[in-house]
Amino acid sequence: MGRGGGYLAGTLLVTPDVDHYPRYRTRPVQSWGRLGFIWIFYGLLFRHRGLSHNRILGPLTRIVYLSPLLLSLGLLLERSGLMPPAGALWGALAGYYLSQWLHLWLDGIPLRIERL
């Protein structure tokens, strides 16, 4: 998986724009197909361009929100013997954050040090 996989997942599936969902059918939500409904509650929790567009906490909120799904996937991969090494998982996290930061930059949100 590594950085490339994390970057692709962050670009195509888990973008800051999933917070639009109950109001609009966005491309990232449509990419989830029938599982797109899982973003309804996330969209109700976070207003667009609010905390979900924070450079550090925004991606973290989506990771925490998806943690039951990610943990289930991790258990499945571990039981099947296909679990990637920890270095690849850290690389995937780095690629995911990079995709989020590029998305925010393209949205016109300036690069600056944010207060947590």
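FYI, the numbering just counts along the sequence from 1.
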Cluster link [X] to [Y], ILVMFWY, side chain under 4.5 Å:
X	Y	value
Leu57	Leu70	yes
Leu75	Leu69	no
Leu76	Leu89	no

As an exercise, state the distance from [atom1] of [X] to [atom2] of [Y], rounded to the nearest 0.5 Å.
X	Y	atom1	atom2	value
Thr15	Leu102	OG1	CG	13.0 Å
Leu12	Tyr7	CG	OH	9.0 Å
Ile109	Arg49	CD1	CZ	5.0 Å
Ser67	Leu73	OG	CG	12.5 Å

### Task
For Thr11 and Leu8, indicate whether the former's side chain and the latter's backbone hold a donor-acceptor pair under 3.5 Å.
no

### Query
Donor-acceptor pair, Gln100 side chain versus Val14 backbone, under 3.5 Å?
yes

#### Entry: Closest non-hydrogen atom pair between Ala88 and Pro84, with its separation
CB-CB, 4.0 Å

### Query
Between Arg55 and Tyr97, which heavy-atom pair has the shortest distance, and what is it?
O-CE2, 3.5 Å

Student check: side-chain heavy atoms of [X] and [Y] closer than 4.5 Å:
X	Y	answer
Asp17	Asp107	yes
Thr61	Leu45	no
His20	Val29	no
Ile63	Tyr96	yes
Ile56	Trp101	yes
Ile38	Leu66	yes

### Query
Do Tyr42 and Ser52 have a side chain donor and acceptor closer than 3.5 Å?
no

### Task
Quick one: do Trp32 and Phe37 satisfy ring-ring contact (aromatic ring centres under 6.0 Å, His included)? Show the steps, please.
CA-CA 9 Å; Trp32 284 82; Phe37 72 91; 9.7 Å; no

### Task
Classify the angle between the aromatic ring planes of His53 and His48 as parallel (below 30°), tilted (30 to 60°) or perpendicular (above 60°).
perpendicular

